[in-house]
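Data block below; observations after.
Chain identifiers are assigned alphabetically (A, B, ...) following the order of the sequence lines, protein sequences preceding nucleic acid strands; residue numbering begins at 1 within each chain.
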Amino acid sequence: MTETKTRNYWLMKSEPKAFSIEDLKNSENSTACWDGVRNYQARNFLRDEIKAGDGVLFYHSNIAKPAIVGLAEVVREGYPDHTALDPDSDHYDPKATKDNPRWYMVDIRFLARLPEPIDRKAMAADPVLSGMEVMKKGSRLSVQPVTPQQWQAVLKYAGMADPLR
DNA sequence: GCCAACGTTGGC
DNA sequence: GCCAACGTTGGC
């Protein structure tokens, strides 16, 4: 029997100064929790939508050449972001409590770096990638949905086989 | 460094 | 509930 796989795809933004694809790769088991998201729309994705096995495009923001730089896989679904409860954390939120955590995170695991980053110029020139949410002017959402077509277009552009297949 | 776009806050 | 002010994001 073949069950219909409903794998979803996401793009996650990070400033490489704060946390880069190399940092993810070098984490224990190449796995890290995606903490510190403090936006409700992104929180809802993390808490409700993102499932283990989903694919992640890792995007470096706020640099000279922002770009998709690698691929990751969700390995743990939404659970409370403990950094919100930690007064010493940069991401501390006094309104978060153990009973009402307010903020959530997932764990992702490094899959691959792209041979070459796909920068915004390249994305804009691609008929599929130009439609990505991240390409919209003023798009600030740090966790955003990606269509299967967009995921495939990234692989095609990079000349890679789908690591989640 | 600039600045447009966005989300949040808080006075009313 | 409105909306101006503010702080932040992030491409350029």
Side-chain angles (χ1 to χ4, degrees), chain A residues 8-27 32-50 54-74 77-108 110-147 149-158:
Chain A
N8 290 310
Y9 300 97
W10 308 92
L11 179 141
M12 296 192 188
K13 276 194 273 194
S14 185
E15 301 190 19
K17 259 180 294 177
F19 191 81
S20 71
I21 185 87
E22 270 318 283
D23 293 329
L24 176 62
K25 187 180 178 182
N26 294 333
S27 297
C33 54
W34 202 256
D35 63 2
V37 172
R38 296 294 179 267
N39 166 284
Y40 287 104
Q41 204 182 341
R43 188 279 309 269
N44 292 346
F45 286 138
L46 292 168
R47 188 188 57 189
D48 306 330
E49 308 280 338
I50 301 181
D54 284 0
V56 174
L57 300 176
F58 200 112
Y59 178 91
H60 280 172
S61 68
N62 231 334
I63 50 175
K65 274 199 177 179
I68 301 168
V69 293
L71 309 174
E73 177 184 12
V74 176
E77 302 177 3
Y79 63 106
D81 180 345
H82 55 79
T83 65
L85 301 173
D86 176 5
D88 293 330
S89 168
D90 288 344
H91 304 300
Y92 177 60
D93 179 355
K95 291 191 187 139
T97 64
K98 213 154 192 250
D99 287 340
N100 188 5
R102 204 140 109 122
W103 305 112
Y104 284 76
M105 60 188 183
V106 299
D107 289 356
I108 65 172
F110 174 85
L111 284 176
R113 251 184 181 283
L114 304 187
E116 296 286 341
I118 306 178
D119 65 20
R120 298 179 65 84
K121 198 177 160 194
M123 283 185 246
D126 183 280
V128 177
L129 298 182
S130 58
M132 295 188 71
E133 170 77 21
V134 76
M135 291 301 291
K136 291 193 189 138
K137 191 179 166 107
S139 165
R140 304 166 44 162
L141 198 55
S142 63
V143 176
Q144 39 182 267
V146 162
T147 67
Q149 292 75 18
Q150 290 164 345
W151 173 265
Q152 292 302 330
V154 166
L155 296 173
K156 185 179 168 200
Y157 190 93

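The salt bridge (charged side-chain N to carboxylate O under 4.0 Å, His left out) search around Glu15(A) returns none, not counting sequence neighbours. In this structure Ser130(A) satisfies the side chain to side chain contact (heavy atoms under 4.5 Å, CB included) test with no other residue, sequence neighbours excluded. Residues forming a salt bridge (charged side-chain N to carboxylate O under 4.0 Å, His left out) with Arg43(A) (at least two apart in sequence, or on another chain): none. Residues satisfying the salt bridge (charged side-chain N to carboxylate O under 4.0 Å, His left out) criterion with Glu49(A), sequence neighbours excluded, are absent altogether. The salt bridge (charged side-chain N to carboxylate O under 4.0 Å, His left out) check on Asp119(A) picks up Lys65(A), with sequence neighbours excluded. Remark: Arg140(A) pairs with no residue by the side chain to side chain contact (heavy atoms under 4.5 Å, CB included) rule, at least two apart or across chains. With sequence neighbours excluded, the residues satisfying ring pair (Phe, Tyr, Trp, His ring centres under 6.0 Å) with Tyr9(A) are Trp151(A). Under the rule for a side chain to side chain contact (heavy atoms under 4.5 Å, CB included), the partners of Leu85(A) that lie at least two apart in sequence or sit in another chain are Ala96(A). Partners of Lys156(A) according to the side chain to side chain contact (heavy atoms under 4.5 Å, CB included) rule, which considers only residues two or more places apart in sequence or in another chain, do not exist here.
In summary, the aromatic rings of Trp34(A) and Tyr104(A) are positioned with their centroids too far apart to meet the 6.0 Å limit.
For Asn62(A) and Arg38(A), each mapped to the nucleotide of DNA chain B holding its nearest heavy atom, the one lying further toward the 5' end belongs to Asn62(A).
Between chain A and DNA chain C, the heavy-atom contact criterion of under 4.0 Å yields a 5' to 3' nucleotide range of dG7(C) to dC12(C).
Remark: nothing in residues 88-105 of chain A comes within less than 4.0 Å of DNA chain B through any heavy atom. Of the residues in residues 137-147 of chain A, those with a non-hydrogen atom less than 4.0 angstrom from any atom of DNA chain C are Ser139(A), Arg140(A).
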